[in-house]
Amino acid sequence: MIKSNNPYTQEELYNIEELNEKEINQSIEDADQAFKSWKKTKFSERQKLMLNLAETLESDKKKLAKTITQEMGKPLSQAISEIEKCAWVCEYYTENAESQLADKIIETDAQKSYVSYEPIGVVLAVMPWNYPYWQVFRFLAPQLMAGNVGLLKHASNVMLSAKKIQELVEKAGFPKDVFINLPIKSDQVNKVIQHPKVKAVTLTGSEKAGKAVASEAAKHIKKSVLELGGSNALVVFKDANIDQTLETCVQARFQNTGQSCIAGKRLLIHESLHEEFVDKLITKVKDLKSGDPNDENTFISVMAREDLAEELEKQMQKSVDQGAKIRIGGKRDQAYFEPTILDDVKPGMPVFEEETFGPLLAVTTFKDEKEAIDLVNQSNFGLGVSLFSSDIKAAEDVIVNLEDGAVFINELVKSDPRIPFGGTKTSGYGRELSDDGIMEFINKKTVYIK
Ligand SMILES: O=CCCCC(=O)O
């Protein structure tokens, strides 16, 4: 059985039976059957349906957002923004998929030679709970537009959202079975990957889940895309605009109650700014409104599960034992973890080395640019980094030295349908969104006519 409780009220939300092997195989066969005709549809047809999907998301956003809030405790206003972003990615690929996948003529000694971009078939998406709709839509929108079909294995605490996503696709008028939600457990994922009709897998989740999925896919010579954890640095140089940077750092760390792969988890601050910046940060963090996620004014609420809050508490406590100092917060009540700033953090401490998936910011000082770069790159993760400076040229010169998948200057690391999203090192490989995302599950077919 797959069970879940509302993390804020503790009430039981569901207790559903997972699919058995026969049902899983039937779903895969159904998806493959749907692929045979879906891949032949014209872009105009796909565009019409994708736009319907965007419109349905927009018109149902309040209702859909409530499910997110119920299942994983996301404050309602942020859940509504998440649904709006899903509509945006649908619109983006409605407008761009056709040109992104147009044949590419290449001059050779042939009469004609070109690359044709063709869908590969059934793709499995293994997705996490932290953005229950967005993580799925950033896979679903490009892949349906490309002519692929999707299977979803969603996290066990957001099965209502998963079901609603399939319903939304059907309501928009897409043919049956081009997108199928599989209510299954993690230990059933390998069976899906192994099935000959499943051609590839994409996973957003932990390093452990990434290793398991990627090795199973590799055993069967199937492509995988992995979007794993992160420990993004927020690097504040001594010439940064303090007020704007403070605002951005608070958003970067505390939105979604800190539960995001791309959150700015490590604040690296020039030693000359340290005292002033951290004092002002404490004031800002004190002002964050914590409470009931159903209240539209709430910014911080419970974490998605109590065990996640416990894990964060352990990381904090071990770091404190090693010399870090709690400047604000630090207390936990079941799944609620106070917004926390941990100062005097040094490499080697858990909050520096590991991903902290909750509302805790780790503060480390640096003396000069070289030390800042070393501290950024010292992480095993490589999702993204934010640099704050009023000298854009100097900040741009730093970019080449950074190992991450993204560098944002004077902005938090964020995803946007128009630009690629993905990491390096243990943050994974492959890219989502933009031209790069739609190309991940494509047969780039070379055509040569003598
Ligand atoms: O855990 C990853 C969260 C990604 C959120 C986003 O794309 O904005």
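Any value given below was found using the heavy atoms of this structure, including those in side chains, with hydrogens, waters and symmetry copies removed. Counting starts at 1 for both ligands and their atoms, following the listed order.
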request  = Using only heavy-atom distances, determine whether the side chains of Glu71 and Ser161 contain a donor-acceptor pair under 3.5 Å.
outcome  =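 Indeed, the side chains of Glu71 and Ser161 share at least one donor-acceptor pair under 3.5 Å.
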inquiry  = Tell me whether Lys61 forms a cation-pi arrangement with Tyr133, defined as NZ or CZ under 6.0 Å from the six-membered ring centre and within 45 degrees of its axis.
reply    =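 Because its charged atom misses either the 6.0 Å distance or the 45° angle limit, Lys61 does not stack over Tyr133.
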task = Under the side-chain contact (heavy atoms from CB on, under 4.5 Å) rule, collect the residues that match up with Ser379, sequence neighbours excluded.
result =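 Scan of Ser379 (side-chain contact (heavy atoms from CB on, under 4.5 Å), adjacent residues dropped) gives Ser231, Arg266, Phe381.
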Ser156 and Lys185, any side-chain heavy atoms less than 4.5 Å apart =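 When only atoms from C-beta onward are counted, Ser156 and Lys185 do not touch, as no gap falls below 4.5 Å.
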request  = Could you pull out every protein residue that has a heavy atom closer than 4.0 Å to ligand 1, ordered by chain and then number?
outcome  =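 Heavy-atom contacts below 4.0 Å: Lys85, Asn130, Tyr131, Trp134, Gln135, Arg138, Ser260, Cys261, Ile262, Ser415.
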request  = Flag the pair Lys331 and Glu338 as a salt bridge only when some basic side-chain nitrogen lies within less than 4.0 angstrom of an acidic carboxylate oxygen.
outcome  =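 Salt bridge absent between Lys331 and Glu338.
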key: Asp404 bridged to Lys425 by N-O distance under 4.0 Å   =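 Judged by the 4.0 Å cut-off on N to carboxylate O distance, Asp404 and Lys425 do not form a salt bridge.
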